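Note that the coordinates shown come from a computational prediction; the quantities given were computed from them, not determined experimentally. In each ligand, atom 1 is the first atom listed, and ligand 1 is the first ligand listed.
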Amino acid sequence: MIARTFVVASIVSVLVLGVAAKASADPSLPIVPLPRNVQLLGGTYAVSPTIAVQANDDVGKPVADALSAYLRSIFPDSSPTGPSVISLNDAANDPQLGTEGYRLTIDDNGVAIAADAPAGLFYGVQSLEQLLPDSPQAQVTLPRAKIVDWPEYRWRGIHLDVSRHFFPVPVVEQYLDLAARYKLNVFHWHLSDDQGWRLQIKKYPLLTQIGGCRNGTQVGGEGTTAVDNQVYCGSYTQDEIRDVVSYAAARYVTVVPELDMPGHSDAAIASYPWLGCTPLPVHVRELWGESGHAICPTDRSFAFIDEVMGEVASLFPGPFIHIGGDEVLTDDWEASPFVASLMKHEHLKTYRDVQGYFTHREERIVAKYGKRVIGWDDIWPGGVAPSTAIVAWNSRRYATQAAQAGNDVVMNPDGPLYFDAAQGNKDLEPLSIGGLTTLEMVYDYDPSLPGLTPAQAAHVIGAQGDLWAEYIPTADHLFYMLLPRELALAELCWTPRSQMSWFDFIGRVGPQLSRLESEGYHYRIPLVTFEVMGQGFEFPEQQPTENDMNVVATVPTVGLSLSDIAPGAVVHYTEDGSTPTASSPAYVPPGAGMSYPSVSLTYASSVTITAIAILPDGRASAPAVLRLTTTYRPGRCCHTIGKPR
Ligand code: TNX
């Protein structure tokens, strides 16, 4: 058992390991993303179960109705008869709020939300809902506070790949609910790829009839070639698309449709083989990874793209259409006599220039329908129009060049903002594409680019997280990969970097998980966190994995506490290196104040503490391992923090 010698000492330094920790000493209001300005006024306001919502005009009415519905879920037995009210006012007349900012005031007069546009009211309501409980209550109090809040970035995006696995409309709507709750405002919908075309196009019905189905799906992890031979189909009708677009709009989310061309187009080429540049048959791809095929830059292909974009432009009211453009393998182009003659005729020297030609023709088509092109950063080197924006997944260099040239850029780095990577030690996580993107890695990502003038920096319009779905066959798995990483994404998009604090953030994640839990969402249970307290220890930079930490102490006794933020979880631990179970000792947190349990070590000894968090229903977090070793020898000096001898 962890020695219960209580160390009462001045805490010189506190080292917190892992992904979860207690709230900081002065916890913020439990709102994610953290609001820009919060002034606590002291005391509380008691919310009457009969509280009503009043909007000053019809503009705010849909937002008021949504808030009323939330209040009725808390007070199911009362009706909104007043006299206390939550007032919504869409004429704050405060320029700093912009179209998305809001003021939320909770004082003795009640609750008031003011904004200068409906999106701002909506975001004020999201913040208020996070201060309210997530289940029916007899009594509710709110902290008296004044919040003035607006976002750092105007593109706060979440992406979803529905080609590799298809997610039906109700799942997409849940995905949008969560995006909106955390004040994300762009849904990048990856609607086509080699493995499936998912958007009904009336002029080209085979795109979904043939391109919407594949004859099998890769089974197993990266690199395998095993296929299950099961027919797998899925697509959205245009009516369904319109429903999703209006569902998103009601939550102030703009849908950006992506049709990925000229690479990643096997499903389109399989549907209409004349789109391709190869005489060989092309099938809707069953394995993940890239195919060698690409759409041929013929006039017939561009006539097809024109008709497709016409339908797309009429379905999606937002300003952008995403044309893809990533990972174009040029094998088919290189073998094509047509491409050879095109290159000669158009003076295109390289295949990169051919991609530039392709992009420019798409830009002209998209502009004709009153829209702007956005594409993966792979389109940058071939040349793009000034109005074209790029999503930088691959190259900070291209992102920087684009911002310098005055093109808008959305930061979306493979790594910190790729949520298809594992959230912890991949051997303990569900099958994923691999790699490691912990919650903390997401949180630490800063979308700003160094070395830009303010005018150039203004072209970095925001960031987005991606969910590529090769290894994500079900909705439960999808939400598991999304949560809680989406919360960190939301905060880095909304909250100024200078106000962000990891420890403060994880203190606010717990209440969010409790609401997500009550709504039945799957999420990754955060690891147990170790706090090592006192002086004279070192946390080597190289840690084996997220779950596995080494600490070298230069003192014989180290104060330690374990904590977890998962709702209702109990921490269990072992000290012999074995994985804890529910029958391992439960960790009882010490009381408030400066008393902590401590671990006593003798020279050159070490102890391995392994801890898991077990939820009431038996689900458990991955184990977190802390190996403590001491180099302390009586009589030798150990005053220097972090420098063991
Ligand atoms: C690269 S990101 C791709 C996708 C894959 C993803 C897997 C991008 C523009 N292309 O086709 O699904 O990696 O992480």
Quiz prompt | Proximal ligand 1 atoms for Ile433, defined as those under 4.0 Å from one of its heavy atoms | solution = 7 (C), 14 (O)
Practice problem: Only one of His360, Arg361, Gln355 passes side chain to side chain donor-acceptor pair (under 3.5 Å) with Tyr357; say which it is. | Solution: Arg361
Self-check item: Nitrogen or oxygen atoms of Asp161 and ligand 1 under 3.5 Å apart
Solution: no
Quiz item: Arg164 and salt bridge (charged side-chain N to carboxylate O under 4.0 Å, His left out): which partner among Asp420, Asp260, Asp193?
Solution: Asp193
Exercise. List the closest protein heavy-atom neighbour of atom 3 (C) of ligand 1: residue, atom name, distance to the nearest 0.1 Å.
Key: Glu327 OE1, 3.5 Å
Quiz item: Does an N or O anywhere in Asp420 fall below 3.5 Å from an N or O of ligand 1?
Solution: yes
Exercise. Can you tell me which residue pairs pass the side chain to side chain donor-acceptor pair (under 3.5 Å) test with a partner in residues 166-180, sequence neighbours excluded?
Key: Asp177-Tyr247, Asp177-Arg251
Quiz item: When you measure from atom 2 (S) of ligand 1 to every protein heavy atom, which one gives the shortest distance, and what is it?
Solution: Tyr418 OH, 2.5 Å
Exercise. Ignoring angles and geometry beyond distance, decide whether Glu470 reaches within less than 3.5 Å of ligand 1 through its nitrogen or oxygen atoms.
Key: yes
Quiz prompt | Per-residue contact class, Trp288 against ligand 1 - non-hydrogen pairs under 4.0 Å | solution = neither
Exercise. May I ask you to check whether Trp274 and Tyr272 place their ring centers less than 6.0 Å from one another?
Key: yes
Exercise. Specify the protein heavy atom at minimum distance from atom 10 (N) of ligand 1: its residue, its atom name, and the distance to 0.1 Å.
Key: Asp326 OD2, 2.8 Å
Quiz item: Relative to the heavy atoms of Trp376, which atoms of ligand 1 are at a distance of less than 4.0 Å?
Solution: 9 (C)
Exercise. Tell me whether the centres of the aromatic rings in Tyr204 and Trp197 are closer together than 6.0 Å.
Key: no
Quiz item: Taking atom 11 (O) of ligand 1 as the point of reference, which of His190, Arg164, His159, Glu222 owns the nearest heavy atom?
Solution: Arg164
Practice problem: Verify whether the ring centers belonging to Phe419 and His159 lie closer than 6.0 Å. | Solution: no
Quiz item: For ligand 1, which part of Asn394 has a heavy atom less than 4.0 Å away: the side chain, the backbone, both, or neither?
Solution: neither
Quiz item: Measuring from Phe302:CZ to Met309:CE, what's the distance to the nearest 0.5 Å?
Solution: 11.0 Å
